[in-house]
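The shown structure was predicted, so the numbers you read here are calculated from the model rather than taken from an experiment. Proteins come first, then strands; the chains are lettered A, B, ... in the order of their sequence lines, and each starts at number 1.
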Number of protein chains: 2
Amino acid sequence: MTDASQTISDRIQQKLEDLTRAERQLALSILENYPASGLGPLTALAKDANVSVPTVARMVQKLGYKGYPDFQAELRDELRAKATGPIAKHETWAEAAPSGHILNRFTDAVIDNIRHTLGHIDPQAFDEACKMIANPDKHLYIVGGRITHTLAEYLFLHMQVIRPNLTHVQSTSNTWPHYLLNAGEGDVFVIFDVRRYENNMMKLAKMAHARGARIVLFTDQWRSPIHQLADITFSSRIVVPSAWDSAATTLLLVETLISAVQGLDWGGTKERMEELEEMFDRTKLFRKFT
Amino acid sequence: MTDASQTISDRIQQKLEDLTRAERQLALSILENYPASGLGPLTALAKDANVSVPTVARMVQKLGYKGYPDFQAELRDELRAKATGPIAKHETWAEAAPSGHILNRFTDAVIDNIRHTLGHIDPQAFDEACKMIANPDKHLYIVGGRITHTLAEYLFLHMQVIRPNLTHVQSTSNTWPHYLLNAGEGDVFVIFDVRRYENNMMKLAKMAHARGARIVLFTDQWRSPIHQLADITFSSRIVVPSAWDSAATTLLLVETLISAVQGLDWGGTKERMEELEEMFDRTKLFRKFT
DNA sequence: AAAATTGTGAAAAATTTATCACAGACAGGT
DNA sequence: ACCTGTCTGTGATAAATTTTTCACAATTTT
């Protein structure tokens with residue numbers, strides 16, 4: 001019946017193109033919790049995927065099985081075969097790829113970085129940083145370097161929705177004085193600086209510090225010299241099997257920060273988001289979500 | 001009903017003493033290839049273990065389940081929890097923080113996203129994409145949306161070092177015609193489009209496609225409609241405990257891609273990197289690495 | 001030998017699966 | 001904007017399978 005060389009997961013993915021919307025929705029739901037969800041009763045699966053019972057029945061046959069029980073039987077066979085499989089010491093993330101494939105090596109490194117970084121983080125400092133960044137009474141400046149300005153902008157884009165009174169400081173240093181002129185006691189600078197540490201960034205930090213601003217620093221495991229001036233420092237591990245460093249862990253921290261800050265004033269954020277949505281609707285920039 | 005802290009396998013082993021011969025035989029058979037055999041019909045299990053049907057029914061109740069279906073449901077739950085991996089189970093990432101802290105919840109979600117995304121990726125498609133993107137004979141266009149343009153830029157910044165002949169298409173659509181005028185057969189577009197999918201992006205994709213360009217798409221698990229035009233699609237899970245979506249998994253893919261592409265022509269890349277370093281040194285933009 | 005355990009065969013009960021027809025929703029094309 | 005055809009959910013029903021339970025005989029254990 002089935003080609004022994006491919007898993008049912010593969011087969012579903014492969015057929016994904018030929019499926020209709022509801023069927024695809026169902027297929028994704030199956031893959032979501034693979035293979036557990038496929039082993040329960042058909043009715044439960046349908047409800048889980050928010051599709052109707054006939055849709056499940058139809059798709060299963062479309063996939064080439066005699067019926068739902070047949071499908072389940074194959075799932076069990078697969079599970080049975082897999083259980084006796086070897087347990088890799090380093091986890092294989094992309095199972096379809098050999099463990100030496102860059103997909104697996106890279107992911108492994110990133111997970112490792114995350115584990116390491118989170119293991120050393122100080123939650124209280126984190127909470128403190130959130131509070132500082134959430135406070136709309138103090139102006140918020142966000143600054144990044146050559147590569148990290150993408151992270152800075154990512155943070156900026158989100159904070160823009162969450163609170164007013166913030167600035168994305170572009171990296172060209174001749175525009176700085178304008179920003180700094182207005183910066184005062186208690187204003188907050190979020191600075192991204194990973195190796196190789198930029199002289200410019202240090203200058204900016206010094207100026208900000210001199211004006212009595214608070215500094216939240218995102219840096220790497222070796223820590224930018226700015227950390228001496230910073231009130232709060234987050235250092236991420238960034239080493240990966242590549243000629244470059246990874247920003248993934250830092251992004252994770254940034255996203256967590258965004259989520260936490262948003263949580264501090266959900267009412268206000270929600271309002272602002274709704275306004276934003278409405279504006280997008282009006283400009284027809286986005287499709288309606290289907 | 002069940003003590004959440006122990007697996008069904010544990011529970012069976014523990015009760016093994018209290019069971020009679022036939023029941024023990026059955027129990028061992030269940031453990032033999034666990035949990036697959038327990039997920040099939042009762043009759044099959046009985047035949048598998050060489051015991052009678054009533055024996056199965058009796059034992060299941062003896063173990064404390066309401067009936068065989070109840071037993072199966074618990075098995076599925078367990079499998080479901082396990083599928084998300086031994087790591088994701090209940091791991092506390094930031095040990096200094098309570099497990100309910102956003103740091104842990106968010107990280108958990110991201111790891112989960114990575115796991116799912118990598119689990120469903122097609123390594124061959126990935127390699128194929130790398131090859132396409134590495135080829136300097138074809139012009140490379142990189143495009144992102146409102147939020148994702150940060151990812152696009154991240155990719156662009158790195159590819160700029162790796163190869164010549166590429167363009168970062170800014171999101172303002174009135175500049176597109178200039179870019180597209182030069183785009184031709186076989187040129188490559190890397191497009192980022194996650195929900196909410198932008199109409200602009202679709203238009204651009206259509207134009208590019210019409211001119212015979214190839215499209216590599218980075219999208220989310222629901223897949224931007226552009227995927228119909230794309231030669232290769234990467235979909236990431238992006239759900240996190242936040243009002244926004246996570247870009248971390250997509251960034252991971254992008255970074256892996258960068259690493260892989262760089263590996264395809266390491267000689268050339270190295271040269272270009274050295275040139276770049278020299279130029280930075282000359283402009284004194286960076287500190288010497290200490 | 002007595003007590004407990006197990007299998008047999010069957011039948012009833014419960015659940016699950018497979019289908020159907022139809023109506024509404026939706027997408028694509030004109 | 002308006003068709004047109006496809007897709008999807010509803011509700012009902014029939015079919016099939018699975019589960020549960022029985023009583024009793026056979027077997028094993030104590």
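- Within residues 55-62 of chain A, the residues that have a heavy atom under 4.0 Å from DNA chain D are, in order of number, A:Thr55, A:Arg58.
- Among the heavy atoms of the strands lying under 4.0 Å from A:Pro69 are primed sugar atoms or P, OP1, OP2 only; no base atom is included.
- Straight-line distance from the CZ atom of A:Arg21 to the P atom of D:dG5: 21 Å, rounded to whole Å.
- Nearer the 5' end of DNA chain C, as judged by each residue's closest nucleotide, is the contact made by B:Ala22, out of B:Gln228 and B:Ala22.
- The shortest heavy-atom contact between B:Ala248 and B:Val110 is CB-CG1, 4.0 Å.
- For the pair B:Leu19 CG and C:dT5 P, the interatomic distance rounds to 11 Å; values are reported in whole Å.
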TODO: Would you please test B:Arg223 and A:Glu17 for salt bridge (Lys or Arg N to Asp or Glu O under 4.0 Å) and show each step?
DONE: CA-CA 11 Å; B:Arg223 297 200 300 183; A:Glu17 302 300 328; 3.4 Å; yes
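- Under the 30°/60° scheme for interplanar angles, the aromatic rings of B:Phe126 and B:Phe234 are found to stand perpendicular.
- Taking a 4.0 Å limit (strictly below) on heavy-atom distances, residues 37-49 of chain B reaches DNA chain D at B:Pro41, B:Leu42, B:Thr43.
- In this entry the distance linking OH of A:Tyr65 with P of C:dA18 reads 14 Å, nearest Å.
- A cation-pi contact links B:Arg11 to B:Tyr65, judged by a cut-off of 6.0 Å to the six-membered ring centre and 45° from its axis.
- Ring geometry for B:Tyr141 versus B:Phe189: interplanar angle under 30°, hence parallel rather than tilted (30 to 60°).
- The existence of a salt bridge linking B:Arg58 and B:Glu23 is excluded, since no basic side-chain nitrogen approaches an acidic carboxylate oxygen closer than 4.0 Å.
- Distance CG (B:Asp70) to P (D:dT18): 19 Å, rounded to an integer number of Å.
- When rounded to the nearest whole Å, the span between CG of B:Leu26 and P of C:dT6 equals 10 Å.
- Atom pair B:Lys66:NZ and C:dA14:C1' shows a separation of 12 Å (rounding to whole Å applied).
- Here the shortest heavy-atom pairing between A:Thr20 and A:Lys62 reads CG2-NZ, 4.1 Å.
- Nucleotide D:dG9 holds its C1' atom 12 Å from the CD atom of A:Gln25, rounded to whole Å.
- Here A:Arg80 pairs with A:Asp77 in a salt bridge; the nearest charged N to carboxylate O distance falls below 4.0 Å.
- At a threshold of 4.0 angstrom between heavy atoms, the contacts of A:Val51 are confined to the sugar-phosphate backbone, with no base atom among them.
- Side-chain contact annotation: B:Glu78 with B:Tyr34, donor-acceptor N/O pair under 3.5 Å present.
- Atom OH in A:Tyr68 sits about 9 Å away from atom P in C:dA18, given to the nearest Å.
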